[in-house]
Amino acid sequence: MSGPFALVDCNNFYASCERLFQPELRDKPVVVLSNNDGCVIARSNEAKALGIEMGVPWHLTRERFERLGVIVRSSNYTLYGDMSARVMRVLAAFSPQFEVYSIDEAFLGLGGFEDRLEHHARHLRSTVYQWTGIPVSVGIAPTKVLAKLANKAAKKDQASGGVRALMTVADQEEALSRFQLQDLWGIAGRLSARLQAVGINRPLDLRDADPRFIRERFGVVTERMVYELRGISCLALDEVVPDRKSIIASRSFGQPVLKLDHMREAVVAYVSRAAEKLRRQRLATAHLVVFIETNPFKPADPQRHVTCPAHLPVATSDTGRLAGAAVLALESIWRDGYRYKKAGVMLLGLVPAARVSGGLFDRPDTEASIARMRAMDMLNRRFGRDTVALAGGGVRRPWKLRRERLSNRYTTCWEELLEVPRPGTDVRV
Ligand SMILES: [Mg+2]
């Protein structure tokens with residue numbers, strides 16, 4: 001993916017979804033609660049203006065909410081997952097370079113649009129709103145870290161009309177000076193405290209710091225942040241702190257998928273990847289959404305875009321349990337006769353794995369399951385992805401990304417080492 005980049009982020013996504021089908025909620029303070037109506041996980045602007053904080057437990061604030069006229073909704077992951085897929089489908093049409101980052105955010109590569117970046121972004125914004133009813137903000141910049149910041153600036157500044165471009169150094173400096181270190185993508189609380197301990201107090205200090213010093217003290221990812229702030233793009237998406245609202249695994253296929261067997265393999269493989277990320281963050285979930293779609297750029301083909309939610313009785317991080325639910329969901333939406341181009345899996349409603357409690361009949365993950373997953377992750381980390389995997393994820397994987405032009409694995413595979421011709425043989429270069 002090459003820059004400039006746009007980060008598109010849905011405004012107050014869950015609250016906006018709730019409003020879509022209940023217009024009486026417009027202009028009202030709305031909050032959405034986490035699983036089992038625990039605490040506040042989304043707020044409309046009106047709720048934010050009342051000073052309602054993220055994460056406050058509902059049972060402690062119920063009376064206050066009633067007094068203030070705050071409208072409360074339980075989380076509806078089926079609705080959010082489906083609306084997310086719809087928004088993403090609209091966004092994907094605005095650039096061939098497109099990366100979903102979370103349930104309500106995506107990066108677009110806008111190389112080639114340089115002469116009309118803002119115009120393109122405003123068109124995108126109004127199209128998403130018109131077609132889905134979801135308001136979005138767009139931040140544009142030469143790097144992803146700056147695009148993320150541009151997005152915050154777009155949200156903060158009413159006059160921006162939801163779009164902010166930081167393409168010049170002067171604009172970048174102006175925006176950087178208005179934010180704190182912890183507003184930067186990937187700078188969480190502890191890291192910002194450590195940076196402040198060496199005199200890096202503001203985003204501009206970090207941009208102007210010596211990259212070698214930063215690497216020695218804080219590691220290579222933070223060093224790359226320095227370059228990103230200078231407008232030099234060098235950060236891959238999964239190197240940054242993951243988003244804790246959702247995990248998404250999705251890819252376009254190398255060739256269209258026509259058979260349920262192949263689609264099942266793809267979905268299991270994506271669940272496996274998402275579940276691995278889930279475990280890495282010590283999270284679990286009971287909610288997932290599977291989606292499959294045909295290629296919108298081939299209008300002559302019959303088109304189909306469907307999503308299907310699946311809910312488990314108890315949150316889990318076990319690949320097998322999640323894959324089982326995902327496969328059932330897939331089978332319920334599958335229709336033959338379409339050339340499917342893409343599929344994906346979203347995990348929503350993430351909760352800390354340590355705090356999962358069972359129901360009367362349903363138990364959380366057993367010790368054996370946890371140990372099995374730990375062993376699997378360890379082996380895959382050590383020997384490479386898919387060293388150990390569910391058989392359901394397929395072995396030959398005909399649906400995989402096209403990689404016909406892949407070069408050899410010169411340094412890690414005995415069969416693919418560089419061969420040096422014997423002296424005297426004819427070498428053609
Ligand atoms: Mg958002």
Side-chain angles (χ1 to χ4, degrees), residues 5-21 25-26 29-34 39-49 52-56 73 75-92 94 98-108 121-122 124-129 131-141 144-158 160-164 166 175 179 182-188 237 240-248 250 287 289 344 346-350:
F5 299 98
L7 174 71
V8 184
D9 184 8
C10 300
N11 300 350
N12 313 324
F13 182 58
Y14 295 174
S16 297
C17 288
E18 293 293 337
R19 271 182 180 169
L20 264 183
F21 298 94
L25 302 188
R26 277 186 206 151
V30 178
V31 301
V32 176
L33 302 176
S34 61
C39 50
V40 172
I41 54 167
R43 304 160 298 163
S44 70
N45 284 343
E46 295 78 8
K48 287 179 191 170
I52 294 170
E53 298 279 324
M54 278 296 244
V56 293
R73 289 284 177 268
S75 40
N76 180 349
Y77 292 116
T78 304
L79 174 67
Y80 312 151
D82 186 57
M83 287 313 303
S84 166
R86 289 173 192 224
V87 169
M88 296 307 169
R89 212 148 57 224
V90 179
L91 293 181
F94 278 84
F98 171 73
E99 242 167 20
V100 180
Y101 176 61
S102 78
I103 186 167
D104 67 339
E105 290 166 280
F107 282 99
L108 272 64
R122 289 189 197 282
L124 172 156
R125 191 170 175 273
S126 61
T127 309
V128 173
Y129 189 69
W131 292 6
T132 68
I134 298 289
V136 299
S137 301
V138 189
I140 304 167
K144 288 176 174 168
V145 167
L146 287 171
K148 193 94 179 165
L149 192 79
N151 192 290
K152 283 203 171 184
K155 285 211 183 80
K156 208 169 176 181
D157 181 9
Q158 290 292 328
S160 69
V163 176
R164 185 85 171 91
L166 299 178
F179 285 95
Q182 56 270 26
D183 292 323
L184 295 177
W185 193 29
I187 307 274
L237 266 195
V240 205
V241 181
D243 165 80
R244 296 199 123 213
K245 279 183 292 197
S246 59
I247 292 172
I248 295 177
S250 153
H287 307 277
V289 173
M346 282 183 235
L347 307 181
L348 307 170
L350 313 182

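Both counts, for ligands and for their atoms, begin at 1 and track the order of listing. All values below were derived from every heavy atom in this structure, side-chain atoms included, with hydrogens, water molecules and symmetry-related copies excluded.
Inside a sphere of radius 2.8 Å centred on the Mg ion (ligand 1), the protein N/O/S atoms present are Asp9 OD1, Cys10 O, Asp104 OD2.
Classified by interplanar angle (parallel below 30°, tilted 30° to 60°, perpendicular above 60°), the ring pair Tyr14/Tyr80 is parallel.
At most 12 heavy atoms of other shown residues, nucleotides or ligands fall within 6.0 angstrom of atom OH in Tyr129.
By the 4.0 Å N-to-carboxylate-O rule, Glu53 lies too far from Arg43 to be salt-bridged with it. Looking at Lys144 and Glu99, a side-chain N of the basic residue comes within less than 4.0 Å of a carboxylate O on the acidic one, giving a salt bridge.
Within the structure, the salt bridge (charged side-chain N to carboxylate O under 4.0 Å, His left out) test picks out the following pairs touching residues 6-15 (sequence neighbours left out): Asp9-Lys155.
Atom CZ of Arg86 and atom CH2 of Trp131 lie 13.5 Å apart (nearest 0.5 Å).
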